[in-house]
2 protein chains.
Amino acid sequence: MSLNRQDVVRAAVDVLDRYGLEDLTMRRLAGLLGVKAGALYWHVTNKQTLLALVSDEILQELDDASRLRPDADPTAVGSQPDTGLAEGVRRWAGQFRAALLRHRDGGEVVASTLPVGLGRVDPAAEVSAVLARYGFSSHQRRYGSRALVHFILGHVIEEQTRSQLHELGVVAQFDGRAEEEDFTDGLELLVTGLRGLSADGTADPSRVENAEI
Amino acid sequence: MSLNRQDVVRAAVDVLDRYGLEDLTMRRLAGLLGVKAGALYWHVTNKQTLLALVSDEILQELDDASRLRPDADPTAVGSQPDTGLAEGVRRWAGQFRAALLRHRDGGEVVASTLPVGLGRVDPAAEVSAVLARYGFSSHQRRYGSRALVHFILGHVIEEQTRSQLHELGVVAQFDGRAEEEDFTDGLELLVTGLRGLSADGTADPSRVENAEI
DNA sequence: ACCTGAACACCGTTCAAGT
DNA sequence: ACCTGAACACCGTTCAAGT
């Protein structure tokens, strides 16, 4: 009969998908749950932590997806020695982006929660683990994962915002295909950079064992 | 005696620096100008376009700075053939980041305005011009400049947010030096990627003349 | 334990009316 | 031309009081 935290978070994701972040208000959320706004504060401490929970919910789907099909990637080729690194990063990036795109304003929600560090799921930590497998130092993992996360979040936020402005008729053209292409090609710049670290021996794959993740 | 648009925008930047984006409200801004909130709507159509004007004000300082000292950069070395490209990108990126850091929440303000496209100054267009000088195709310039802008904005936003959370005592440690290092090294990943395009002939410096900027 | 009612201190925006 | 007064339709958050 009575609500719990999970109900509130799931309803919040629902409001997000239907009305967007701007209209995700405590009052509207309460209304959808058949309750008064004040009641929500029994389940969550405030709106910011609710958004962090929503962010976790969005990112959780990334983990779930990668657990279901751990090696399914048609774009995998495999000839250079560093193709494992490159493919690992590409796969993670694609899944991260897909998880964000699955929900309206997903990029903005996750981005707003990231620096606060309230979320249980940290996307930067996830790529960090990938980089660790290829011998990257802790400093390299930190700035490398940050660069990747910032690029992806920034790209998705711009894509989602522009797509919504397009639906509102505010902005003329929006090409989803071009967005995906820009994303893939932009990502490749970072992949090249990371591969460079690996190639010049700055990151040493032979030291993988003693890498503290 | 009476206000004009410039007064309103400059006061808005002032409120931003002193109280942050969250407290940059029409009412507070009006109060600072000795006027009622409704009066502001004579000078700006709404808050969103006011933020776009604030964003322009912030980015304008980038242009001014580069015009004052066009070649002053102590980190410049100059030995490889592509060092011009790399240095050009590094210099622009450093100035862009510096302009954002000069104002509280500068990153967030510019980022929120960017996809709307209301701003007069487009940072992506500025690097695009740099890339054009080195023969990058229009597609390469687009995804390259987007990747750079997203990386820089994302990095600065996280840096500024964390720095403020630190001041509020919410988060324990904040190291400005480490932030700058992560920025420089992260940027280098993208620079390497761009240099790669230039090296493998995908971007052709000999075609610089007919590049439509 | 969970929720209501009602308030507090705000928002952005509009617009007749004043000067 | 520029601004006030006053309203409209909202916000997030708190908290005594109810069940």
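In the text below, chain A, chain B and the rest are named by the order of the sequence lines, each starting its count at 1. Heavy atoms only: backbone and side chains are in, while hydrogens, waters and symmetry mates are out.
- Spacing between dA9(C) and dA9(D) at atom P, rounded to whole Å, works out to 23 Å.
- The closest side-chain heavy-atom distance from Ile157(A) to Pro115(B) is not below 4.5 Å.
- Side-chain contact between Leu21(A) and Leu51(A) is present, with at least one heavy-atom pair separated by less than 4.5 Å.
- In terms of the salt bridge (charged side-chain N to carboxylate O under 4.0 Å, His left out) criterion, residue partners of Asp182(B) (sequence neighbours excluded) are, by chain and number, Arg142(A), Arg146(A).
- The salt bridge (charged side-chain N to carboxylate O under 4.0 Å, His left out) check on Asp122(A) picks up nothing, with sequence neighbours excluded.
- With sequence neighbours left out, Arg18(A) forms a salt bridge (charged side-chain N to carboxylate O under 4.0 Å, His left out) with Asp14(A).
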Going 5' to 3' along nucleotides 3-12 of chain C, which nucleotides have protein heavy atoms under 4.0 Å from the base (write B), which only from the sugar-phosphate (write S), and which from neither (write -)?
-> SBS-B---BB
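- We find the OH-OG distance between Tyr143(A) and Ser138(A) to be 11.0 Å, quoted to the nearest 0.5 Å.
- Stem regions for DNA chain D, each three or more consecutive Watson-Crick or G-U pairs with both distances under 3.5 Å and listed by first number, read C:4-8 with D:12-16, C:12-16 with D:4-8.
- The C1' atoms of dC11(C) and dA7(D) are separated by 14 Å, rounded to the nearest whole Å.
- Taking Glu188(B) as the reference, Arg90(B) meet the salt bridge (charged side-chain N to carboxylate O under 4.0 Å, His left out) condition, with sequence neighbours excluded.
- Here the two rings, on Phe151(A) and Phe183(A), have centers that are under 6.0 Å apart.
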